[in-house]
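Below, read A as the first sequence line, B as the second, and so on, with proteins coming before strands; counting in each chain starts at 1.
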Amino acid sequence: MRDGMRDGAAELGAAAAAALLLAWYDRHARVMPWRTSPADRAAGERPDPYRVWLSEVMLQQTTVAAVRAYFRRFTERWPTVADLAAAADADVMAEWAGLGYYARARNLLKCARAVVADHSGEFPDTEVGLRTLPGIGPYTAAAVAAIAFDEPAVVVDGNVERVVSRLHAVETPLPASKPALVALAAGLTPQQRPGDFAQAMMDLGATICTPRKPACGICPLWSLCAARAAGIAADLPRKSPKPAKPTRRGIAYVAVRADGAVLLETRPAKGLLGGMLGFVGSDWSEDPVPAPPLDAGWSPAPFAVRHTFTHFHLELTVHLATPPQTAAPTRGSFTPRDAFRPGDLPTLMLKVWQAAEPHLP
DNA sequence: TAAACGTGGAG
DNA sequence: TCTCCAAGTTT
């Protein structure tokens with residue numbers, strides 16, 4: 001059984017924290033293309049669920065600075081979920097190129113098509129309903145429900161984990177502490193303005209309650225923060241150590257015909273860079289197996305391409321060739337030079353192209 | 001539960 | 001150079 005008096009005190013503290021945070025947000029909310037201002041909402045304007053969803057997916061593990069340009073291009077090219085659902089896969093993957101975590105783009109299309117096919121073109125207006133869609137997990141479902149539909153869902157991202165772990169001085173390391181942090185966040189979440197509250201928590205984490213050197217001196221929750229009082233704010237949240245990254249190697253084959261056509265392939269829909277355009281190559285492993293896609297006078301390029309993924313370093317050797325017009329590759333196909341936009345490539349492949357291009361005849 | 005899954009910026 | 005980290009989801 002829970003202690004009624006202590007619960008009452010905790011509720012008062014939670015209400016105070018939410019009120020302080022919302023007051024701070026009203027003065028300091030950052031302007032972003034996917035947000036409506038409190039003033040606009042007071043005038044009756046509602047956030048567009050499509051834009052809220054699109055921004056939240058783009059923002060998964062990705063900085064606001066990186067997302068801005070992509071959000072603008074996507075919404076200009078595909079203004080509604082129906083427009084996106086009707087887009088060609090290759091166009092969406094190309095537009096996402098460079099943003100990373102490409103499963104998001106694949107699921108983005110699946111989700112848009114599911115909304116059109118199964119939900120009459122309207123996003124479900126509850127956390128539970130949203131959770132059933134591809135690419136929408138616990139965080140995104142709660143965020144869209146709160147921001148677009150005013151549902152008091154408990155929104156917990158990395159910012160909220162940090163803010164809450166400090167506010168309550170939770171010393172258990174992540175990810176073990178996650179359930180406790182969600183419970184604490186639930187206790188803070190108000191019934192009124194849940195969308196603003198969620199965005200306020202995330203803005204606070206992004207601008208004041210930062211991972212390193214938090215600006216406790218100007219924090220609206222200063223007076224309520226247990227970690228600040230204990231002098232350990234900068235040490236929280238504690239995290240379990242991460243495993244070291246191994247180095248893998250591979251070979252990329254860059255073939256450009258005399259007419260300028262470039263050999264490219266669309267990568268398999270699963271796995272690393274899945275669904276993205278790229279150069280044909282070997283596997284990536286400790287001991288890669290060469291796999292030239294056609295008989296040609298391949299010559300090793302005088303450089304290597306290094307790239308680091310989430311869980312390993314990659315060192316690519318590049319082989320160059322200028323095959324005849326008649327060459328028939330076993331993998332990929334030759335793309336006319338004027339149809340090849342290097343910007344459609346994921347960053348690793350763009351690095352390969354930028355390194356190889358000056359060495360072509 | 002843990003591993004897979006990108007990238008660019010900050011310190 | 002190198003580690004950490006950013007509005008996580010899927011398998």
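The nearest whole Å value for the distance from the CG atom in Asn107(A) to the C1' atom in dG8(C) is 12 Å. Regarding Phe312(A), its CZ atom lies at a distance of 17 Å from the P atom of dC2(C), rounded to whole Å. Distance Asp203(A) CG to dA6(C) C1': 14 Å, rounded to the nearest Å. In this structure, Leu174(A) places its CG atom 15 Å from C1' of dA6(C), rounding to the nearest Å. In this structure, Arg30(A) places its CZ atom 12 Å from P of dA6(C), rounding to the nearest Å.
Base contact: Val64(A) has a heavy atom under 4.0 Å from a base atom. Within 4.0 Å (heavy atoms only), Met201(A) reaches no atom of the nucleic acid at all. Residue Pro243(A) is out of contact with every strand shown, counting any heavy-atom pair closer than 4.0 Å.
Here, dT9(C) and dG8(B) have their P atoms 22 Å apart, quoted to the whole Å. Annotation: dC5(B) and dA6(C) have their P atoms spaced 22 Å apart (nearest Å).
Along DNA chain C, the nucleotide nearest to Leu133(A) and the one nearest to His313(A) differ in position, and the one closer to the 5' end is contacted by His313(A). Between Asp157(A) and Lys270(A), it is Asp157(A) whose nearest contact on DNA chain C lies nearer the 5' terminus.
Taking only side-chain nitrogens and oxygens, His311(A) comes nearer than 4.0 Å to OP1 or OP2 of dC5(B). In this structure, Arg162(A) reaches the dA6(C) phosphate: one of its side-chain N or O atoms is under 4.0 Å from OP1 or OP2.
Of the charged side-chain nitrogens involved, none lies within less than 4.0 Å of a carboxylate oxygen, so that Asp118(A) and Arg113(A) do not count as a salt-bridged pair.
Relative to the ring axis of Trp284(A), Arg267(A) places its NZ or CZ within 45° and under 6.0 Å from the centre. Under a cutoff of 6.0 Å and an axis angle of 45°, Arg73(A) and Tyr70(A) form a cation-pi pair.
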From CA spacing to verdict: side chain to side chain donor-acceptor pair (under 3.5 Å), Thr62(A), Arg104(A): CA-CA 11 Å; Thr62(A) 309; Arg104(A) 292 185 294 173; 3.0 Å; yes
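Applying side-chain contact (heavy atoms from CB on, under 4.5 Å) to Lys351(A) and the options Leu345(A), Leu316(A), Val305(A) leaves one that passes, Val305(A).
Between Phe309(A) and His311(A), a ring centre-to-centre spacing not shorter than 6.0 Å is recorded.
Identified under the ring pair (Phe, Tyr, Trp, His ring centres under 6.0 Å) test for residues 187-212 of chain A, with sequence neighbours left out: none.
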List the protein contact pattern of nucleotides 6-11 of chain B with one symbol per nucleotide (5' to 3'): B for base contact, S for sugar-phosphate-only contact, - for none; contact means a heavy-atom distance under 4.0 Å. BBS---
